[in-house]
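The model shown is predicted, which means the values in this text are computed figures rather than measured ones.
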Amino acid sequence: MKSGMVANGIPETIADGYNELFNALNERKYLNDFERTAENTTPTSLEDFSVEFATAYSNS
């Protein structure tokens, strides 16, 4: 996969990063050490955010 990305103009360092990300996602290791706390979690629900996002998007 990396060689195809590089052949299509993506810098090798970026292709390496994509491969690292996708491997972590596939192995279910992405953000395993991330813990949600009050300090890093917003009180906004997904439903509230989607309404705000839809309004902002439709006005752009």
Side-chain angles (χ1 to χ4, degrees):
M1 182 161 101
K2 175 181 160 182
S3 61
M5 287 189 279
V6 173
N8 284 292
I10 294 177
E12 189 167 348
T13 55
I14 301 298
D16 287 339
Y18 277 128
N19 280 335
E20 183 179 341
L21 170 64
F22 296 138
N23 286 337
L25 290 169
N26 288 332
E27 295 169 7
R28 300 189 183 276
K29 294 180 181 176
Y30 184 70
L31 296 178
N32 275 354
D33 58 347
F34 180 78
E35 184 178 337
R36 293 185 68 157
T37 66
E39 291 81 27
N40 67 18
T41 303
T42 178
T44 306
S45 70
L46 180 60
E47 291 80 10
D48 290 342
F49 173 78
S50 64
V51 170
E52 291 183 35
F53 180 82
T55 301
Y57 185 78
S58 67
N59 291 330
S60 63

Within this structure, what is the OG1-CD distance for the pair Thr55 and Glu52, rounded to the nearest 0.5 Å?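 These two atoms lie 7.5 Å from each other.
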Just to verify, what does Thr44 make a side chain to side chain donor-acceptor pair (under 3.5 Å) with, not counting sequence neighbours?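 Counting only residues at least two positions away or on another chain, Thr44 forms a side chain to side chain donor-acceptor pair (under 3.5 Å) with Thr42.
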Exam field: side chain Asn40 to backbone Thr37, donor-acceptor pair closer than 3.5 Å: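 Present.
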Looking only at non-hydrogen atoms, find the nearest pair between Ala15 and Ile10 and report the distance.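 That would be N-CG2, 3.9 Å.
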Test item: Ile14 and Met5 side chains (from C-beta on) under 4.5 Å apart, heavy atoms: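 A side-chain contact under 4.5 Å is absent here.
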Enumerate the residue pairs fulfilling side-chain hydrogen bond (donor to acceptor under 3.5 Å, both in side chains) with a member in residues 8-17, sequence neighbours excluded, ordered by first and then second residue.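 Passing the test, one end in residues 8-17: Lys2-Glu12, Lys2-Asp16.
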Please output the side-chain donor-acceptor pairs of residues 28-36 that fall under 3.5 Å, not counting sequence neighbours, one pair per line with the distance.
{"residue": "Lys29", "atom": "NZ", "partner": "Glu27", "partner atom": "OE1", "Å": "3.4"}
{"residue": "Asn32", "atom": "ND2", "partner": "Arg28", "partner atom": "O", "Å": "3.2"}
{"residue": "Arg36", "atom": "NE", "partner": "Thr41", "partner atom": "OG1", "Å": "3.4"}

